[in-house]
2 protein chains.
Amino acid sequence: MESHELKKVGLKATLPRVRVLELLERSEQRHMSAEDVYKALLDSGDDVGLATVYRVLTQFETAGLVIRHHFEGGLSVFELNEGKHHDHIVCVICGHIEEFTDEVIEQRQESIADKKGFNIKDHCLYIYGSCQDPETCPHYQSNR
Amino acid sequence: MESHELKKVGLKATLPRVRVLELLERSEQRHMSAEDVYKALLDSGDDVGLATVYRVLTQFETAGLVIRHHFEGGLSVFELNEGKHHDHIVCVICGHIEEFTDEVIEQRQESIADKKGFNIKDHCLYIYGSCQDPETCPHYQSNR
DNA sequence: CTGAAAAAGAAAAATTTTTGCATTATTGTC
DNA sequence: GACAATAATGCAAAAATTTTTCTTTTTCAG
């Protein structure tokens, strides 16, 4: 139940918040822009304002429920924070996104930060490319 | 001479373009937003329009002269493309940015992309943290 | 249930980036 | 060097995106 998760982070379980959280948990698309969320909610019959969506997403980010990414092209997207850090590999042709983690990369980052005297708060690695799989990348052939 | 570099990529050596390029080459701040560039040019007596700055920076990006980054917080910044790829470690307190490359990380990325069937076009790694050096991070003490 | 406090919604505002168009500048040729 | 063709600039207006304000509505503890 989503209301419990909201209470846990000190947010009242209002309808818009519950809906946004449900959406992020259940949507096929793990990475959604504020606009995406807004439209999806409208489509499913919820009468919510875009300003509320922005507010809620920002609150969720602050509360640690979601993570905000800035992909190439300036696109801001949100994804549910499920606790385990991961990086992203994005197909610039079809938009397909896969997640991964690599212990070696994580460790190298730590040692680089140490060497430079930084305390890591956060980090993100985005790999952009084309997935050559016609199944997942329907536009691959026409754009190859 | 900047006009030569512009010609080389097929852009006419107009005053605004030369000025923007000069600025990016000479500024202490390697990473500048469009607004930063605009203000710096006005300050140095150039009468340029903000729209032109945006246009020129986008042209430079297309031509490969500059690289555009989207840092945490949604901030778009540009830096001169000097040919050698590097990643960034950013102090979220004072804004100080350092560049680095790590061969091991680069290789791991390649092998991850291979394993997933992606052709890497580009990639970027941003580490966010606090640089604990009071010299380079003047705000560190007050925000620690 | 009820009331205080918080949140939603709508519209306006603030930001950032792009576009249309008249004017100005650049460049290859004479 | 000057000239005309072509491309680029600057301004203002328009988009696009995100945030804020303010009034009304909702939540939740007692």
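In what follows, every chain begins at residue 1, and chains take the letters A, B, ... in the order their sequences are listed. Quick caveat, the model's predicted, so the values are computed rather than measured.
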Colleague: Quick one: does A/D122's side chain have a donor or acceptor within less than 3.5 Å of a partner on B/Y128's backbone?
Modeller: no

Colleague: Evaluate the side-chain hydrogen bond (donor to acceptor under 3.5 Å, both in side chains) criterion for residues A/R68 and A/T58: first the C-alpha distance (whole Å), next the side-chain angles of each, then the deciding distance (0.1 Å), finally the verdict.
Modeller: CA-CA 9 Å; A/R68 189 194 298 247; A/T58 302; 3.3 Å; yes

Colleague: In this structure, how many angstroms lie between the P atom of D/dA8 and the CG atom of B/L21, rounded?
Modeller: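 Whole-Å distance recorded here is 16 Å.
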
Colleague: For B/R68 and A/V48, find the nucleotide of DNA chain C closest to each by heavy atoms; which residue's nucleotide sits nearer the 5' end?
Modeller: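 On the 5' side of the pair lies A/V48.
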
Colleague: Does a side-chain N or O from B/Y54 land closer than 4.0 Å to OP1 or OP2 of C/dT18, or not?
Modeller: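 Result: no.
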
Colleague: The side chain of A/T58 is closest to which nucleotide in this list: D/dA8, C/dA8, D/dT19?
Modeller: D/dT19

Colleague: Working note: B/F78 + B/H69, criterion ring pair (Phe, Tyr, Trp, His ring centres under 6.0 Å); need CA distance, chi angles, decisive distance, verdict.
Modeller: CA-CA 6 Å; B/F78 298 83; B/H69 293 284; 9.1 Å; no

Colleague: Is the shortest distance from a Lys or Arg side-chain nitrogen in B/R19 or B/E22 to a carboxylate oxygen in the other one below 4.0 Å?
Modeller: yes

Colleague: Is it true that a side-chain atom of B/H70 and a backbone atom of A/E72 form a donor plus acceptor pair closer than 3.5 Å?
Modeller: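 No: the side chain of B/H70 does not pair with the backbone of A/E72.
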
Colleague: I'd like to know whether the aromatic ring centres of A/H88 and A/F100 sit less than 6.0 Å apart in this structure.
Modeller: no

Colleague: Whole Å only: how far is the CZ atom of B/R17 from the P atom of C/dT24?
Modeller: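 Rounded to the whole Å, the gap is 19 Å.
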
Colleague: Is it true that B/D36 and B/S33 share a donor-acceptor pair across their side chains at a distance under 3.5 Å?
Modeller: yes

Colleague: Might you list the N or O atoms of the protein lying below 3.5 Å from N or O atoms in nucleotides 1-4 of chain D, with each pair's distance?
Modeller:
none

Colleague: Sugar-phosphate atoms are those with a prime plus P, OP1 and OP2; base atoms are the rest. Using that split, label each nucleotide of nucleotides 21-30 of chain D B, S or - for protein heavy atoms under 4.0 Å, 5' to 3'.
Modeller: B-----BS--

Colleague: Between D/dT17 atom P and A/M32 atom CE, what is the distance in whole Å?
Modeller: 16 Å

Colleague: Check the distance between D/dT18's C1' and A/E35's CD and give it to me in whole angstrom.
Modeller: 11 Å

Colleague: A/L50 has an atom CG; how far is it from atom C1' of D/dT20, in whole Å?
Modeller: 13 Å

Colleague: Any ion pair linking A/E82 and A/R30 (charged N to carboxylate O, less than 4.0 Å)?
Modeller: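 Salt bridge between A/R30 and A/E82, a charged N being under 4.0 Å from a carboxylate O: yes.
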
Colleague: Please lay out, stage by stage, how A/H86 and A/E98 fare under the test side-chain hydrogen bond (donor to acceptor under 3.5 Å, both in side chains).
Modeller: CA-CA 10 Å; A/H86 55 256; A/E98 291 193 32; over 6 Å; no

Colleague: For B/H4 and C/dT26, give me the distance from atom NE2 to atom P, rounded to whole Å.
Modeller: 18 Å

